[in-house]
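To start, the structure itself, in structure tokens.
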Amino acid sequence: MKVNEHDVLLVVDVQNDFCPGGALAVAGGDEVVAPIHRAASWFEHIVLTQDWHPHDHSSFAPEHPGRQPFESIQMPYGAQTLWPAHCVQGSKGAEFHPTLHLPQAELILRKGFHRDVDSYSVFFENDRVTSTGLAGYLRERGLTRVFLAGLAYDYCVAYSALDARRLGLPVVVLRDACRAIDLEGSTAKAGADFVRTGVQIIESGQICA
Ligand code: VGL
Ligand code: ZN
């Protein structure tokens with residue numbers, strides 16, 4: 001697949017806490033770095049995102065006495081999965097994985113910084129109305145097709161892909177450059193949602209100039 005100057009590679013949440021040894025480790029999370037680097041060499045435009053929570057974020061299980069990580073609770077905006085505390089602003093766990101080397105990235109977008117609302121998608125928070133501003137950034141810069149890679153395939157990557165489709169953008173997910181959390185069928189659901197909404201799924205090796 002050919003990429004051009006209107007394409008952007010969104011590298012989602014390749015942070016220590018989502019990699020082996022991290023607070024919310026995704027199996028093989030660090031293995032996304034090599035395919036991301038290979039894909040990145042073809043792109044003129046790269047945006048990195050960072051999950052970036054206050055220490056007392058409402059998605060953290062310890063904020064809800066009696067509740068365990070990976071349980072679901074009802075928030076004012078709907079169902080919310082509770083997570084171990086992760087990606088706390090300024091912590092080592094919130095830093096990019098040390099092997100990720102993309103100094104050419106033109107924007108680092110942080111999300112999840114509102115205490116009372118989680119944000120899986122890089123476009124809209126989990127209340128589905130609060131914008132991160134990324135859609136406006138892409139529009140103003142003439143970036144009209146989105147390629148997605150990173151962590152986690154079934155959460156931040158999937159929510160971002162579906163929101164980009166809702167915004168009317170063509171979306172391509174680089175499957176080998178993602179790893180999943182896989183909670184209660186979430187990986188299969190993401191794949192089915194991609195097919196239903198027209199998200200294209202390719203391998204990073206299929207990209208060319
Ligand atoms: C993510 C769960 C909680 C992700 C972030 O980046 O996929 N998942 N926070
Ligand atoms: Zn998070």
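Model, not experiment: these values are computed from the prediction. Just so you know, residue 1 is the first one in the sequence shown, and it goes up from there. Just so you know, ligand 1 is whichever comes first in the structure, and atom 1 is the first atom listed for that ligand.
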Provide the number and element of each atom of ligand 1 under 4.0 Å from a heavy atom of [X].
{"X": "Asp13", "value": "4 (C), 6 (O)"}
{"X": "Asp51", "value": "5 (C), 9 (N)"}
{"X": "Phe18", "value": "1 (C), 4 (C), 5 (C), 6 (O), 9 (N)"}
{"X": "Ala152", "value": "4 (C), 6 (O), 7 (O)"}

Requested in this report: Report yes if Tyr120 has an N/O atom closer than 3.5 Å to an N/O atom of ligand 1; otherwise report no.
Outcome: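 Between Tyr120 and ligand 1 (N or O atoms, distance only) the closest approach is not under 3.5 Å.
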Check: Between Val12 and ligand 1, which residue portion shows a heavy-atom distance shorter than 4.0 Å: side chain, backbone, both, or neither?
Finding: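 It is neither; nothing of Val12 touches ligand 1.
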Short check: any N/O/S atom of Cys87 below 2.8 Å from the Zn ion (ligand 2)?
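No - counting backbone and side chain alike, Cys87 has no N, O or S atom under 2.8 Å.
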Margin query: I'd like to know if the Zn ion (ligand 2) has an N/O/S atom from His86 within less than 2.8 Å of it, counting both backbone and side-chain atoms.
Written below: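 Of the N, O and S atoms in His86, at least one lies under 2.8 Å from the Zn ion (ligand 2), which means yes.
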Check your understanding: Out of the N/O/S atoms in Asp51, what is the name of the one closest to the Zn ion (ligand 2)?
Key ->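 Result for Asp51 and the Zn ion (ligand 2): OD2.
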inquiry  = Looking at Tyr153, I'd like to know if the NZ or CZ of Arg175 sits under 6.0 Å from its six-membered ring centre while staying within 45 degrees of the ring's axis.
reply    =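 Because its charged atom sits under 6.0 Å from the ring centre and within 45° of the axis, Arg175 does stack over Tyr153.
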| request: Give a yes/no verdict on whether any heavy atom in His86 is under 4.0 Å from an atom of ligand 1. | output: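 Flag set, His86 near ligand 1.
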Atom 4 (C) of ligand 1 [closest protein heavy-atom partner, distance rounded to 0.1 Å] =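 Minimum-distance protein heavy atom for atom 4 (C) of ligand 1 reads Cys156 SG, 2.7 Å.
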- [ ] Flag the pair Glu106 and Arg141 as a salt bridge only when some basic side-chain nitrogen lies within less than 4.0 angstrom of an acidic carboxylate oxygen.
- [x]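 Yes, Glu106 and Arg141 are salt-bridged.
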Cationic N near anionic O, under 4.0 Å, Asp56 to Arg115:
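A salt bridge is present here (some side-chain N lies under 4.0 Å from a carboxylate O).
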Ignoring hydrogens and angles, state whether a donor on the side chain of [X] or [Y] is under 3.5 Å from an acceptor on the partner side chain.
{"X": "Asp13", "Y": "Gln50", "answer": "no"}
{"X": "His114", "Y": "Glu125", "answer": "yes"}
{"X": "Ser160", "Y": "Asp163", "answer": "no"}

Quick one: do Ser58 and Asp116 satisfy side chain to side chain donor-acceptor pair (under 3.5 Å)? Show the steps, please.
-> CA-CA 5 Å; Ser58 59; Asp116 296 322; 4.6 Å; no
- Sole residue of His53, His55, His57 in ring pair (Phe, Tyr, Trp, His ring centres under 6.0 Å) with His86: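 Among His53, His55, His57, the one meeting ring pair (Phe, Tyr, Trp, His ring centres under 6.0 Å) with His86 is His53.
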